[in-house]
J.: 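One structure coming up, written as structure tokens, with questions to follow.
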Amino acid sequence: MSELTITDQRLKPIAEKVLAGERLSMEDGIALYRSPDLLAVGWLANHVREKRHGNITYYNVNRHINPTNVCVAACRLCAFGRKKDTAGAYTMALEEAFQTASSGYTEAVTEFHIVGGLHPDLPFQYFLDLVSGLKERFPQVHMKAFTMVEVAYLAKRAKLTIRQTLEKMKEAGVDSLPGGGAEIFADRVRHIICDHKIDGDQWLDTAKLAHQIGLKSNATMLYGHVENDEDRVDHLLKLRALQDETSGFQTFIPLAFHPDNTPLQHLPKTTGILDIRQIAVSRLVLDNFPHVKSYWQMMTAKIAQISLRFGADDMDGTVIEEKIYHDAGATTPQGMRREELERLIRAAGREPIERDTLYRPVTRTETSVTVAV
Ligand code: SF4
């Protein structure tokens with residue numbers, strides 16, 4: 001690793017803390033967002049990343065399934081949700097969802113990533129049947145399903161507590177939660193971008209209950225809209241505090257806001273510099289999160305590749321069919337083959353390792369897929 005050169009003197013005490021393995025404060029986080037010395041910020045994030053993961057970069061072979069885009073909420077951040085009976089609204093019959101799950105690339109997937117809208121009429125049983133039906137047909141595949149927002153909405157509709165709802169989901173076959181819907185926890189921001197969603201504390205409480213019943217989750221953050229640096233650091237610190245309590249988070253995934261076709265489309269798109277900085281600051285502040293992901297679909301494969309030198313150790317997966325960010329103008333392909341993910345990772349000087357959802361290495365031969373347990 002090259003020597004650390006710092007041109008921004010304000011970073012010196014932060015660098016000392018990072019090198020000593022000490023925890024960063026709110027002020028440190030804000031200074032990292034505001035420092036013009038992005039290379040020093042990146043050097044420090046890379047130092048932490050290499051200490052944890054060496055040269056390895058993870059990816060997985062997964063498939064997204066979005067059973068419905070019908071949604072009662074009208075989040076201003078969203079181009080995916082539709083009101084019932086409007087143009088473009090769809091809801092998959094269960095058989096259609098099972099069919100979708102098996103379509104796409106011929107390689108065996110190890111994960112289904114299942115999220116969708118808050119449908120006003122679909123009963124909770126539909127979602128349980130969806131998961132149990134998929135589990136029956138694809139017993140080897142990990143079910144990473146439902147955002148905290150969906151869990152809270154389904155609990156309300158089924159008149160169950162959040163814990164009961166999560167327990168029923170787990171019984172049906174949910175193995176972990178993807179961690180979406182976190183957006184930015186600050187109320188001021190939530191009122192503008194997603195007024196009808198659960199608030200930040202409810203998101204965190206739902207995650208906590210999931211972790212308590214043995215379901216791991218990820219955590220996301222949507223950045224690059226109306227939030228400020230304090231809101232971003234506040235979001236990271238709240239996640240870090242919950243992780244201290246539960247150790248239930250696996251991966252932090254910063255998601256760049258895509259404004260096209262949303263009511264916020266007057267806002268500019270994020271820049272490559274912000275995307276890379278976001279990865280680096282996340283790696284430095286979230287000292288208790290095992291993984292930070294540069295999700296190639298959201299930040300483009302090229303920026304995700306560079307991020308592997310700025311703190312990220314995971315690029316996500318093959319995806320196969322991405323709908324949510326493509327409705328919002330994402331220009332990336334809808335999926336990527338395993339070979340291409342490996343090529344991108346190698347070109348960044350990293351060693352690709354295919355993982356399952358729980359970060360166990362996957363070995364493939366022509367006829368079998370094995371997960372090391
Ligand atoms: S972000 Fe989710 S909850 Fe909000 S409108 Fe879109 S699909 Fe519905």
Side-chain angles (χ1 to χ4, degrees), residues 4-53 57 179 182-186 189 200 218-244 249-257 269-296 298-300 303-316:
L4 170 61
T5 313
I6 295 180
T7 56
D8 176 6
Q9 295 314 305
R10 286 169 305 177
L11 288 182
K12 285 223 159 125
I14 299 176
E16 278 165 22
K17 281 191 187 176
V18 172
L19 295 174
E22 286 171 26
R23 185 155 265 200
L24 301 185
S25 65
M26 171 66 117
E27 292 68 35
D28 295 333
I30 293 170
L32 289 168
Y33 274 117
R34 295 187 182 161
S35 173
D37 194 355
L38 179 60
L39 288 181
V41 174
W43 189 99
L44 291 168
N46 191 49
H47 171 79
V48 173
R49 179 250 196 257
E50 290 191 353
K51 225 164 108 187
R52 274 185 176 270
H53 303 290
T57 292
E183 321 309 0
I184 286 280
F185 291 140
V189 176
N218 294 334
T220 58
M221 168 175 145
L222 188 77
Y223 68 92
H225 39 84
V226 298
E227 86 287 7
N228 60 30
D229 295 335
E230 284 84 353
D231 298 324
R232 292 177 189 154
V233 184
D234 171 72
H235 189 93
L236 297 175
L237 294 185
K238 285 187 168 133
L239 289 173
R240 190 174 76 180
L242 180 56
Q243 179 75 333
D244 278 345
F249 290 118
Q250 297 204 110
T251 307
F252 178 68
I253 312 159
L255 300 172
F257 177 56
K269 292 185 170 140
T270 64
T271 64
I273 292 292
L274 177 59
D275 294 338
I276 288 168
R277 185 188 296 273
Q278 181 57 53
I279 291 283
V281 180
S282 309
R283 182 61 284 169
L284 289 166
V285 174
L286 294 174
D287 54 17
N288 52 5
F289 269 60
H291 303 282
V292 172
K293 183 186 289 182
S294 55
Y295 181 28
W296 68 267
M298 291 296 268
M299 49 175 61
T300 75
I303 296 287
Q305 226 183 353
I306 297 168
S307 302
L308 301 181
R309 296 267 153 200
F310 281 74
D313 62 280
D314 190 322
M315 272 187 72
D316 201 76

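FYI, the numbering just counts along the sequence from 1.
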J.: Run the numbers on Asp244 and Arg240 for salt bridge (charged side-chain N to carboxylate O under 4.0 Å, His left out), then give the verdict.
T.: CA-CA 6 Å; Asp244 278 345; Arg240 190 174 76 180; 5.6 Å; no

J.: Using 30° and 60° as the class limits, which term best fits the ring planes of Phe249 and Phe289: parallel, tilted or perpendicular?
T.: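 Phe249 vs Phe289 ring planes: parallel.
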
J.: Quick one: which of Leu222, Val226, Val189 gives a side-chain contact (heavy atoms from CB on, under 4.5 Å) with Ile184?
T.: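 Looking at Leu222, Val226, Val189, the match for Ile184 under the side-chain contact (heavy atoms from CB on, under 4.5 Å) is Val189.
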
J.: Would you give the length of the straight line joining atom CE of Met315 to atom CD of Gln305, rounded to the nearest 0.5 angstrom?
T.: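 Here the interatomic distance stands at 6.5 Å.
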
J.: What is the minimum heavy-atom distance between Gly42 and Ala280, and which atoms define it?
T.: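 Residues Gly42 and Ala280, closest heavy atoms: CA-CB, 4.4 Å.
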
J.: Once rounded to the nearest 0.5 Å, what's the spacing between atom CG of Asp8 and atom CG of Leu39?
T.: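 Answer rounded to 0.5 Å: 12.0 Å.
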
J.: Using 0.5 Å steps for rounding, measure from the CD1 atom of Ile14 to the CD atom of Glu27.
T.: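 With rounding to 0.5 Å, CD1 (Ile14) is 9.5 Å from CD (Glu27).
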
J.: Do Asp275 and Tyr223 have a side chain donor and acceptor closer than 3.5 Å?
T.: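 A donor-acceptor contact under 3.5 Å links the two side chains.
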
J.: Of all the heavy-atom pairs spanning Arg10 and Pro36, show the shortest one and how long it is.
T.: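 Here Arg10 and Pro36 meet closest at NH2-CD, 3.5 Å.
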
J.: Do side-chain atoms of Ser307 reach the backbone of Phe310 as a donor and acceptor pair under 3.5 angstrom?
T.: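 Side chain of Ser307 to backbone of Phe310, a donor-acceptor pair under 3.5 Å: no, none is there.
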
J.: Could you tell me whether a side-chain N or O of Asn46 sits under 3.5 Å from a main-chain N or O of Trp43, the two making a donor and an acceptor?
T.: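 Flag not set: sc Asn46 to bb Trp43 has no pair under 3.5 Å.
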
J.: Quick check for you: to the nearest 0.5 Å, what is the distance between Phe252 atom CZ and Gln278 atom CD?
T.: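 If I round to the nearest 0.5 Å, the distance is 6.0 Å.
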
J.: Kindly say whether Phe185 contributes a backbone atom to a donor-acceptor pair with the side chain of Asp231 at under 3.5 angstrom?
T.: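 Pair absent, no side-chain N/O of Asp231 close to backbone of Phe185.
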
J.: Is there side-chain contact between Arg52 and Arg283, with heavy atoms separated by less than 4.5 Å?
T.: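 In short, these two side chains touch, coming nearer than 4.5 Å.
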
J.: Is there a donor in the side chain of Arg49 and an acceptor in the side chain of Thr57, or the other way round, less than 3.5 Å apart?
T.: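 Yes, a side-chain donor-acceptor pair sits under 3.5 Å.
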
J.: May I have the step-by-step check of side-chain contact (heavy atoms from CB on, under 4.5 Å) for Asp287 and Leu24, ending in yes or no?
T.: CA-CA 8 Å; Asp287 54 17; Leu24 301 185; over 6 Å; no

J.: Is there side-chain contact between Arg232 and Val281, with heavy atoms separated by less than 4.5 Å?
T.: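 Not in contact.
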
J.: Which heavy atom in Ala219 sits nearest to a heavy atom in Leu239, and how many Å separate them?
T.: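 Here Ala219 and Leu239 meet closest at CB-CD2, 3.7 Å.
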
J.: Which pair of heavy atoms, one from Ala186 and one from Asp234, lies closest together, and at what distance?
T.: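 Closest pair (atom of Ala186, atom of Asp234, distance): N-OD2, 4.4 Å.
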
J.: State, to 0.1 Å, how close Pro254 and Ile279 come at their nearest heavy-atom pair, and which atoms those are.
T.: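 Closest approach of Pro254 to Ile279, heavy atoms only: CG-CD1, 3.9 Å.
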
J.: For Val233 and Gly29, work out which heavy atoms get closest and say how close.
T.: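 Closest approach of Val233 to Gly29, heavy atoms only: CG2-C, 3.6 Å.
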
J.: With rounding to the nearest 0.5 angstrom, report the CD1 to CD1 distance, Ile303 to Ile273.
T.: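 Ile303 atom CD1 to Ile273 atom CD1 measures 7.5 Å (nearest 0.5 Å).
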
J.: Parallel, tilted or perpendicular for His291 and His53, by the 30°/60° rule?
T.: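 Correct class here is parallel.
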
J.: Between Glu50 and Arg309, is any pair of side-chain heavy atoms under 4.5 Å apart?
T.: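 The answer is yes, as the side chains (C-beta and beyond) meet within the 4.5 Å cut-off.
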
J.: Just verifying a value: how many Å separate Leu32 CG and Arg277 CZ, rounded to the nearest 0.5 Å?
T.: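 Result: 8.5 Å between the selected atoms.
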
J.: Got a salt bridge between Asp229 and Arg34, using NZ or NE/NH1/NH2 to carboxylate O under 4.0 Å?
T.: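 Arg34 and Asp229: salt-bridged.
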
